Structures are given as structure tokens and as C-alpha cells.
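Below: one structure, written as C-alpha cells.
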Protein chains: 2
Amino acid sequence: MSNSSLKSIAEKLSLSESTVSRALNNYKDISQSTKKLVNETVVKLGYQPNIFARRLASGNPECLGFVIPWRDGQLNDPFLGELMSGMSTALTKIGWDLTVLVAKSFENEVELFKKLSMSKNLSGLIISRTLRNDKRFKILTDLKIPFVAHGRSINCSTSSWLDVDNESAFFNMTKHFVSLGHKKIAHICGPNVYNFSIQRIEGWKKALLESGIQIKSEFLQVADLSFDGGKIAMDQLLKLKDLPTAVSCVSDTVAMGAMQSMRNHNLSPGKEISLMGYDGLELGAWIDPPLSTMTQPIQTVGKNLAEMLVDLVNGKKKPSDLQKLVRANILRRGTDNSPMTTY
Amino acid sequence: MSNSSLKSIAEKLSLSESTVSRALNNYKDISQSTKKLVNETVVKLGYQPNIFARRLASGNPECLGFVIPWRDGQLNDPFLGELMSGMSTALTKIGWDLTVLVAKSFENEVELFKKLSMSKNLSGLIISRTLRNDKRFKILTDLKIPFVAHGRSINCSTSSWLDVDNESAFFNMTKHFVSLGHKKIAHICGPNVYNFSIQRIEGWKKALLESGIQIKSEFLQVADLSFDGGKIAMDQLLKLKDLPTAVSCVSDTVAMGAMQSMRNHNLSPGKEISLMGYDGLELGAWIDPPLSTMTQPIQTVGKNLAEMLVDLVNGKKKPSDLQKLVRANILRRGTDNSPMTTY
DNA sequence: TTTGACTCCGAAAGCGTTTTCGTTGAAAAT
DNA sequence: ATTTTCAACGAAAACGCTTTCGGAGTCAAA
């Protein structure tokens with residue numbers, strides 16, 4: 001029966017509703033014995049509190065919103081499922097909900113934020129696809145909406161965020177190429193509106209510097225974050241007199257495009273030119289040769305994002321104390337090899 | 001200010017709270033003039049009702065749950081974003097929410113259902129990845145949880161569902177091959193636990209029958225819904241004495257695997273053997289040659305799923321009156337060509 | 001004039017929790 | 001013996017809305 005309410009439990013135990021409520025919420029003015037008693041009968045009766053009553057009374061929506069990332073009119077994040085799964089599992093444990101929101105443009109998103117700040121239907125927000133200079137940080141802060149960002153921005157020092165350590169990831173990738181014997185290492189980066197683009201360039205540069213390799217500006221190509229972007233960028237690289245022997249790509253998608261360009265020029269990815277992507281897309285393993293890449297534990301990221309936001313909402317921590325960097329790991333498949341001696 | 005409540009509006013207009021409430025909910029015992037007045041001041045003050053109070057009082061959670069599909073320990077649906085975007089936009093219009101749920105196993109999912117039926121936190125559920133014989137239909141019906149399924153099952157006649165017309169999709173695909181001149185058309189199908197596997201086989205068979213082509217049992221290969229599955233299945237087909245000139249694949253992923261197999265045998269997809277996938281994955285365009293496939297309007301599907309469930313919850317329609325079939329469309333890219341005469 | 005029907009609105013009781021505050025009784029301190 | 005302290009609980013207000021019911025007023029019909 002779902003007719004179990006606080007009242008029914010209180011009557012069954014000859015206690016007051018308030019005592020039962022405080023027992024369930026682990027108040028310290030309730031004796032251990034009654035807490036035990038209450039918890040036992042609650043599971044026995046299969047009691048589930050009415051979350052709407054609870055949320056109304058407590059003033060805490062106990063509900064996090066996730067703004068699903070929309071880019072260029074398309075929703076093509078293959079990790080969405082894993083990410084949200086991580087969030088949801090973390091929240092389910094504490095009885096909170098995850099609701100999804102969609103904003104099809106920046107204006108749309110800001111409008112959404114304003115509505116949310118008025119309605120107070122959500123405890124906090126998780127945003128993603130952060131830009132180099134992302135105005136959402138200030139907007140959300142001004143609106144006093146608790147949030148944590150998946151990704152950093154130029155002005156995120158006082159906010160809460162979780163991000164991959166892009167710089168060290170591409171530092172490691174480049175170092176990896178160096179250790180394989182490469183000296184001519186190019187980088188196809190993303191548009192500089194994205195924060196990670198800049199950071200990934202930095203990692204590439206630092207590794208070259210530390211390895212005593214001079215940075216050639218023509219070895220840095222900007223690309224749209226798409227298959228075609230990668231193809232065009234690689235086309236440019238292949239026009240060079242002095243070709244690179246390795247290319248680090250800002251994403252798997254871009255790397256796939258770059259591979260296509262190589263094939264068009266009768267070059268075999270991983271032979272004349274090694275290359276690596278980033279993201280760890282499964283489909284990278286489906287092509288020939290399979291694309292080497294870097295992976296990150298997406299589900300854990302989702303879980304962490306949710307947990308951080310809960311801490312923030314509960315006031316346990318300040319935004320600036322909730323900043324987390326996760327590592328990406330090299331996944332060798334087939335396109336990272338030593339340079340050809342004869343080439 | 002977010003201190004706007006029904007009360008504040010009532011005071012401002014010298015009306016009672018109940019009148020304002022009924023005006024907003026379009027009750028017919030409120031005059032047009034006051035309705036207009038109330039609505040105007042509501043937008044002026046930027047009033048947002050407290051959904052928890054509303055949901056508590058009305059008893060309608062106004063919230064739909066989406067069980068995100070988990071398969072083989074992985075969450076790899078690339079359309080999740082679009083699907084949920086469609087749902088969310090439909091629900092936002094009427095002020096309902098979409099919350100995501102995750103179940104990592106069948107037992108887990110059933111447990112989830114039971115909890116939901118007790119707690120009544122959700123108005124209804126959208127499930128996906130339906131099986132040929134999907135026990136969830138009966139379970140949810142017995143638990144009296146309103147739901148609509150994305151995909152059919154063997155026992156879904158009294159339930160609400162939305163599905164692609166798999167049979168006609170693969171009928172059309174096969175007919176397309178026939179019209180290109182193919183007579184030896186194989187089909188790589190999925191495991192028969194999935195309902196769509198059976199239906200897609202049916203479509204393939206019907207088209208062959210209607211075209212006067214005999215169905216050869218060795219031209220039907222079962223594959224796991226994965227890259228490797230497709231590869232293995234195509235390996236089998238290529239062992240045949242009499243090779244097919246066209247292969248219709250149950251999914252793009254499987255088709256990618258099949259292409260890999262062809263390459264391993266020094267065959268060019270779309271030349272010696274034409275093939276088509278299904279799903280319309282973007283990445284199909286990234287390989288060489290680009291994979292021909294079939295697409296469906298995912299966002300519309302999401303929108304429809306949500307709207308159907310809302311109708312169901314509101315009691316406007318019976319489950320059996322909410323069944324919808326959508327069409328898939330052929331997307332020619334590069335792997336569907338006429339058979340080689342010399343081959 | 002009375003009756004009935006009809007329109008529009010207010011009063012008030014819920015919805016199921018949380019949380020503050022006060023009370024009780026027993027143990028400890030004076 | 002009296003006061004203080006403290007643990008453990010109950011009473012009741014509050015959260016902000018929905019919804020039922022009844023009443024006031026108007027107008028037309030009898």
C-alpha cells in the first residue's frame with residue numbers, strides 16, 4: 001500500500017509525526033532506540049516520503065538540473081549517457097533528483113537561468129561546454145544560483161568546477177610522441193573560444209619546450225571541432241615543405257578527419273605520420289588502423305560533479321573550495337608509432 | 001523579487017488566492033476579464049508558482065521519468081541528447097519536468113519501478129530498448145504506472161508505444177537494393193531478443209518475396225549489435241561460394257564492422273558488395289567510403305513520446321489508443337551502388 | 001413578487017512534510 | 001529538599017498551492 005505516510009507510521013508506533021520525521025532525518029534529540037524502531041517499521045511498511053511535501057516544507061528542492069550541451073544546432077555528445085548516469089547514481093543515493101534542461105542558444109540559456117532563479121525549483125545547476133570567456137559564470141553567480149561547471153573558463157577562480165587537466169594531458173601525449181622518437185610534432189587545436197583549446201595548446205608547447213624542440217608556428221593548425229575541420233587542418237599541414245611525423249589532435253572527431261585527409265594523400269595514419277586523438281570514442285577502435293587517443297573516467301566525472309554541487313548547496317563548502325582536476329590516460333591503439341626512418 | 005506568491009498577487013489585485021489560482025488554471029467559473037487581469041500582473045511581476053506546493057496540493061507530480069538505456073554495461077546511445085532534448089522541450093511548454101533514471105540491470109530496473117509505484121514521485125515513465133518479449137510491459141501495467149515505450153514488444157498491444165516502422169524500413173532498404181539491380185541481397189540481423197531484429201528480418205524477407213527473389217537462409221546472419229559482431233557476421237558471409245552483392249545491416253555499428261571485414265578481405269565496400277546500415281550515425285559519413293544508412297527524426301520522436309505520456313497521464317486517452325509508428329528514410333552516402341557487372 | 005438559473009468569487013480545508021518551541025520526567029548538582 | 005541540567009518527545013505553525021463548497025449578486029422566467 002502506498003497509503004503509508006508519516007501519520008500512519010506515527011500512529012502505528014504511538015509516536016507523534018514530528019518525532020518520526022526527526023527520527024528519519026537523524027535529528028540528535030531523538031533517542032537511538034526510537035530511531036532504530038522508526039527505521040525498521042519504515043522499511044517494513046515500504047514507506048516512501050512524499051518528496052513534494054518535503055521539498056515544500058524544507059525549502060530545499062533536492063533536485064539538480066543539468067543543462068545538456070547544445071552545439072551548433074546539434075547534440076552530439078556521445079558521453080551524455082555515461083555522464084548523466086554518474087550524476088544520477090550519486091543523487092539517487094541521497095534521494096535527490098536529476099532533471100534535464102535544454103537551451104538551444106546562449107540567449108535561451110540565460111533566459112532559462114533567470115526563470116530558475118525566480119522559481120527556485122532547482123537546488124543547483126550543472127553546466128558544461130564552457131568557453132574560454134564564459135559569461136555564464138558571472139550570470140549564475142549574480143543570480144545566486146549554485147552551480148558547478150564541467151570545464152573551466154578564464155574567470156572561474158571563485159566558482160566551482162571540475163575539469164580534465166587538459167594541459168598535462170596534451171603534455172603527456174606530446175611527451176609520448178617524443179619518447180617514440182618524434183621530433184616534428186604538430187598540433188591541431190580547436191577554436192580558441194573554447195577554454196580547453198588554449199590549455200591543450202599549452203600542454204603541447206610545454207612538452208616541446210621541455211624536450212628542447214623548437215616550436216614551429218606552422219605546426220599549429222586551428223580546426224573546427226568536426227570531421228571536416230580535422231580534414232582541412234591536416235590538408236594544410238600536408239602542404240608544408242617539412243612535414244611533421246606526428247600530430248596531436250584536439251579531439252577524436254578531428255583526428256578522424258585528419259586521417260581522412262591523410263588517406264586522400266595516400267598516406268597511412270600511424271606510418272608516415274603518427275597521430276592521436278582525444279576523448280576515447282569507441283568508434284576510434286572501429287577504423288583501420290584504430291585511432292590512439294586519451295580517455296577519462298566519464299562516469300566518475302558525472303558522480304563527482306553531482307557530489308560537488310550537493311556539497312555546495314548544503315553549504316558545506318565555498319565554491320572556490322570545490323575545484324577538481326581529473327587526469328586523462330593514454331590509450332594506445334594503432335596510430336602512435338615510431339617515425340619511419342626512411343621517410 | 002521572488003517573493004511573489006499567489007498571496008501577493010491576490011493582495012495586489014484585491015482578489016482571493018483561490019480566485020487567482022483558478023484564474024491561472026483557466027477554470028471556467030472565472031470571468032474573462034479577471035483572467036486577463038491576473039495573467040497580466042503575473043507576467044509583470046514575473047511570478048513563478050512553487051511547483052512543489054502545486055504538486056503536493058494537486059497530487060500530480062507533473063514530472064516524467066526517462067529510464068536511460070543501459071546495455072551490456074555501457075551507455076552508448078549517441079542519440080540520447082537529441083531524444084531527451086525533444087522530450088524536454090515538449091514538457092517545458094506545459095511546465096512539466098523530465099528526470100532521468102538509471103538502472104544497471106533488469107533486476108535493478110524492476111526494483112526502481114516498485115519504488116516509484118510506492119513513492120508516486122513521477123507521473124509516468126518512458127522506457128526504451130524494448131525486447132522481443134519485454135517483461136517490463138506487464139510489470140509496469142500491474143504496478144499501474146503510466147508509461148510509454150520507445151519500441152514495441154510481443155505483448156504490447158494494450159500498452160502505449162512509439163516505434164519506428166522497422167519492417168517497412170528494411171523493406172524499403174531491400175527494395176532499394178533491388179532497384180539498383182541487386183538480386184543477391186543478404187541481411188545481417190541482430191540478436192532475436194530485440195524486437196526490432198525480428199521486424200527488420202521480416203521487412204527484408206517481404207521485399208525479397210515481393211521481388212520474386214528466393215530467400216536463401218545462408219544470406220541471413222545473426223550478429224551482436226557491435227562492431228565486432230558485424231565483422232564476424234560479414235566474415236561468415238564472405239565464406240559463401242555464392243557471395244551476395246548487397247548486404248543490409250541491422251545497424252550502423254554492425255555495418256562498420258562489416259566494412260572492416262570486407263577491407264580485411266581486400267574488398268571495397270560499395271563496389272564488390274554494396275551495404276547499408278541503419279541509424280544515421282554521423283560518424284558513418286566520416287569513413288571512406290561514407291556509409292549509406294537510414295535515418296529517423298529523433299527529436300520529434302522524443303517530443304512525441306513525451307506528449308503521448310502526458311495525454312496518458314491526463315487520462316485523455318487509453319494506452320491502446322496511443323501507439324505510433326514513425327518512418328525511417330534512406331540516406332544515400334557512398335556504399336549503395338549498382339552491382340559490378342564484372343563481379 | 002417569488003422562484004430559479006446562472007455567473008463569479010471567497011472561505012476554508014486540505015496536501016504531507018519540516019522545524020521551532022515548549023513540555024515532561026528523570027538524573028545530577030547544589 | 002530544591003534547583004539545574006538534559007535527553008526525549010509532542011503540539012502546532014508553516015510551506016504555497018489546489019479544490020470543494022457555498023454564497024452573493026444579477027437577470028429572466030413564472
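Since we're looking at a predicted model, the values are computed, not measured. Each chain gets a letter, A, B and so on, in the order the sequences are listed, and its residues count up from 1.
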For residues 29-47 of chain B, which residue pairs qualify under salt bridge (charged side-chain N to carboxylate O under 4.0 Å, His left out), counting only residues two or more places apart or in two chains?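 Checked against salt bridge (charged side-chain N to carboxylate O under 4.0 Å, His left out) - neighbours excluded - the pairs reaching residues 29-47 of chain B are Arg22(B)-Asp29(B), Lys36(B)-Glu40(B).
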May I ask you to verify if any side-chain N or O of Tyr27(B) is less than 4.0 angstrom from the OP1 or OP2 atom of dC21(D)? no
Using OP1 and OP2 only, check whether a side-chain N or O of Asn25(B) sits under 4.0 Å from dT18(D).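 Checking Asn25(B) against dT18(D): at least one side-chain N or O falls below 4.0 Å of OP1 or OP2.
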Have Asn195(B) and Arg152(B) got a donor and an acceptor in their side chains that come within less than 3.5 Å? no
Exercise: do Asn60(A) and Ser123(A) side chains pair donor with acceptor under 3.5 Å: yes
Could you run through nucleotides 7-14 of chain D and give me one letter per nucleotide, 5' to 3': B if any protein heavy atom sits under 4.0 Å from the base, S if only the sugar-phosphate is that close, - if neither? -BBBBB--
Applying salt bridge (charged side-chain N to carboxylate O under 4.0 Å, His left out), run through Lys7(A) and Glu11(A) and close with a yes or a no. CA-CA 6 Å; Lys7(A) 195 171 168 184; Glu11(A) 282 173 358; 5.1 Å; no
Which nucleotide in dT19(C), dT17(C), dT18(D) has an atom nearest any side-chain atom of Ser58(A): dT19(C)
Apply side-chain contact (heavy atoms from CB on, under 4.5 Å) to residues Thr89(B) and Lys93(B) and explain how you reach the verdict. CA-CA 7 Å; Thr89(B) 21; Lys93(B) 279 184 196 150; 5.8 Å; no
Atom [atom1] of [X] to atom [atom2] of [N]: distance rounded to whole Å?
X: Leu6(B); N: dG10(C); atom1: CG; atom2: C1'; value: 14 Å
X: Asn121(A); N: dG16(D); atom1: CG; atom2: P; value: 13 Å
X: Arg54(A); N: dT17(C); atom1: CZ; atom2: P; value: 9 Å
X: Asn26(B); N: dT18(D); atom1: CG; atom2: P; value: 13 Å
X: Asn50(A); N: dC15(C); atom1: CG; atom2: C1'; value: 8 Å
X: Ile51(A); N: dC15(C); atom1: CD1; atom2: P; value: 18 Å
X: Gln48(A); N: dG16(C); atom1: CD; atom2: P; value: 15 Å
X: Lys120(A); N: dC17(D); atom1: NZ; atom2: P; value: 13 Å

Please enumerate all protein N or O atoms sitting under 3.5 Å from an N or O of nucleotides 23-25 of chain D, with distances to 0.1 Å.
none

Measuring only between side-chain heavy atoms, which start at C-beta, is Ile126(A) closer than 4.5 Å to Val67(A)? no
Regarding Lys115(B) and Glu111(B), does a basic nitrogen lie under 4.0 Å from an acidic carboxylate oxygen?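 Looking at Glu111(B) together with Lys115(B), the answer is no, because their closest N to O distance does not fall below 4.0 Å.
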Which of these passes ring pair (Phe, Tyr, Trp, His ring centres under 6.0 Å) with Phe137(A): Phe147(A), Phe113(A), Trp161(A)? Phe147(A)
So among Leu122(A), Val310(A), Thr141(A), Val313(A), which one has a side-chain contact (heavy atoms from CB on, under 4.5 Å) with Pro146(A)? Val313(A)
